[in-house]
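The structure appears right after this line, and notes come after that.
Throughout, protein chains are lettered first and strands after them, A, B, ... in sequence-line order, and every chain is numbered starting at 1.
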Amino acid sequence: MASLKDTSDSLAAYLTAGSLLPNSLISADQPTDLPSFIVEPLKQNLRQSLLDWYGQQGRDLPWRQSRDPYRIWISEVMLQQTQVKTVIPYYERWLEQFPAIAPLASARQEQVLKAWEGLGYYARARNLHRAAQIIVEHHHSTFPDTLAIALTLPGIGRTTAGGILSAAFDQPVPILDGNVKRVLARLMALRVPPNRALKTLWALSETILDWQQPRNFNQALMDLGATVCIPKRPTCPVCPWNRYCEAHRLTMQNDLPLSEQRSPLPHKMIGVAVIWHEDGRILIDRRRQEGLLGGLWEFPGGKVEPGETIEACIQREIQEELGIEVEVGDRLITIDHAYSHFRVTLNVHHCRHLGGEPQPLECDEVRWVSLDEIDQFPFPKANTQIIAALRETSYRP
DNA sequence: TACGCGTGGCC
DNA sequence: TGGCCAAGCGT
């Protein structure tokens with residue numbers, strides 16, 4: 001365990017002394033407060049060095065051209081758990097399709113999900129849609145400029161609200177995203193995984209926030225994490241904060257932040273049916289709103305039970321989900337796919353519809369579609385591979 | 001508080 | 001190539 005004595009000559013030690021420092025790092029006999037005439041100038045140096053760096057090295061990103069809270073909101077939500085490079089093309093397309101809050105609010109959910117298709121975490125799109133409707137109905141179609149009201153909107157938590165209010169309105173609201181967690185965890189050489197010290201990190205983010213330039217400061221903090229204080233092999237020599245950084249001083253930058261231990265992902269075998277109508281159309285179903293891939297369309301199927309064959313699984317699942325009889329035929333494709341919390345193998349088979357009218361017993365909707373119109377429906381990534389395989393096969397019932 | 005929730009990039 | 005990680009939120 002490190003003692004405060006080890007860090008007594010660094011700015012981070014001053015900034016994190018007292019209540020900001022995790023209990024594990026502080027000895028009971030150490031001072032917990034420092035006079036403001038010492039701390040304030042140090043914080044000013046910290047802020048100014050980052051703002052100077054941002055002026056030179058800050059990124060030029062599409063959503064930074066604008067102060068339209070709607071555009072910034074969209075970018076913040078797309079960027080949740082998603083890298084900038086992935087987001088940019090989605091962001092551009094989205095704004096062409098939904099240029100303002102009102103058009104988004106009045107769109108059909110299916111159209112919204114189609115625009116989101118491939119980005120993942122689809123609750124973000126459903127919440128964006130709902131929030132737009134709430135803003136039209138209750139906030140005069142204007143994005144709220146107060147933290148408390150922004151936080152009431154679905155899909156907007158503390159970090160997203162802080163990002164929007166600081167970027168759009170230059171309000172002094174702190175943020176704590178993945179970048180900031182990493183930067184601050186290194187700055188103070190945090191000895192626990194960041195998610196075990198959220199109170200400390202939020203307090204530190206708020207303490208160092210520059211109230212004269214909150215917009216630039218928050219953006220700078222995220223840029224620092226994204227381009228310099230990166231997860232692996234951070235480039236400390238070019239970091240404006242290297243002289244203040246505890247991890248750097250201790251040569252621990254490659255070991256921090258500590259990561260949470262994860263359990264291995266469970267694996268599921270899935271039987272999937274491509275059910276052909278006599279007229280050449282295919283049966284798809286729409287998943288229920290809640291839960292995994294909610295609101296998206298898919299090819300029906302389900303989990304293979306212990307001892308069950310793929311064919312028997314498909315026949316059983318189709319009976320349970322849609323109430324119809326099928327004859328399971330040739331294999332179309334096998335797809336391995338990793339979700340955030342488990343892996344699947346999709347065993348996709350052609351099936352012949354023997355009889356019965358498909359009913360939405362375990363889904364929201366069912367529909368026969370042709371290969372030409374199937375592109376209009378939003379599908380999860382693993383299912384788009386099935387569609388691609390269908391386009392390449394010559395199989396017909 | 002801990003877990004459910006997607007996908008692509010990176011090595 | 002499999003595991004890690006990315007501008008988190010809702011429950």
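Atoms CZ (A/R124) and C1' (B/dG6) sit 8 Å apart, rounded to a whole Å. Taking atom CZ of residue A/R288 and atom P of nucleotide B/dC5, one finds them 15 Å apart after rounding to whole Å. Spacing between atom CZ of A/R233 and atom P of B/dC10 amounts to 17 Å, rounded to whole angstrom units. Remark: C1' of B/dC5 and OH of A/Y122 are 11 Å apart, rounded to the nearest angstrom. In this structure, A/L265 places its CG atom 11 Å from P of B/dG4, rounding to the nearest Å. Residue A/R196 contributes atom CZ, which lies 9 Å from atom P of B/dT1 at whole-angstrom precision. Going from atom NE2 of A/H337 over to atom C1' of B/dC5 covers 12 Å, rounded to whole Å. The NE2-P distance, from A/H267 to C/dG2, rounds to 11 Å in whole Å.
Between A/R391 and A/D375, at least one side-chain N (NZ, or NE/NH1/NH2) sits under 4.0 Å from a carboxylate O, which counts as a salt bridge. Using a 4.0 Å cut-off between charged side-chain N and carboxylate O, A/E317 and A/K303 make no salt bridge. By the 4.0 Å N-to-carboxylate-O rule, A/E110 lies too far from A/K114 to be salt-bridged with it. Comment: A/R288 does not engage A/E290 in a salt bridge, judged by the lack of any side-chain N to carboxylate O separation of less than 4.0 angstrom.
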When you check every protein heavy atom under 4.0 Å of nucleotides 4-11 of chain C, what one-letter string (B, S, -) results, 5' to 3'? -BBBBSS-

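Checking the phosphate oxygens (OP1, OP2) of B/dC5, a side-chain nitrogen or oxygen of A/H341 falls inside 4.0 Å.
Nucleic acid contact for A/P380: sugar-phosphate only, since backbone atoms but no base atoms lie under 4.0 Å from a heavy atom of the residue.
C/dA6 and B/dT1 are spaced 23 Å apart, taking the C1' atom of each and rounding to whole Å. Spacing of P atoms, B/dC5 relative to C/dA7, comes out at 23 Å, to the nearest Å.
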Between A/V272 and A/I314, is the side-chain contact (heavy atoms from CB on, under 4.5 Å) condition met? List the steps. CA-CA 6 Å; A/V272 178; A/I314 291 175; 5.8 Å; no

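Each of A/W297, A/F299, A/Y122, A/W116 was compared with A/F379 under the ring-ring contact (aromatic ring centres under 6.0 Å, His included) criterion, and only A/F299 meets it.
Every side-chain hydrogen bond (donor to acceptor under 3.5 Å, both in side chains) that A/R59 has, sequence neighbours left out, goes to A/D223.
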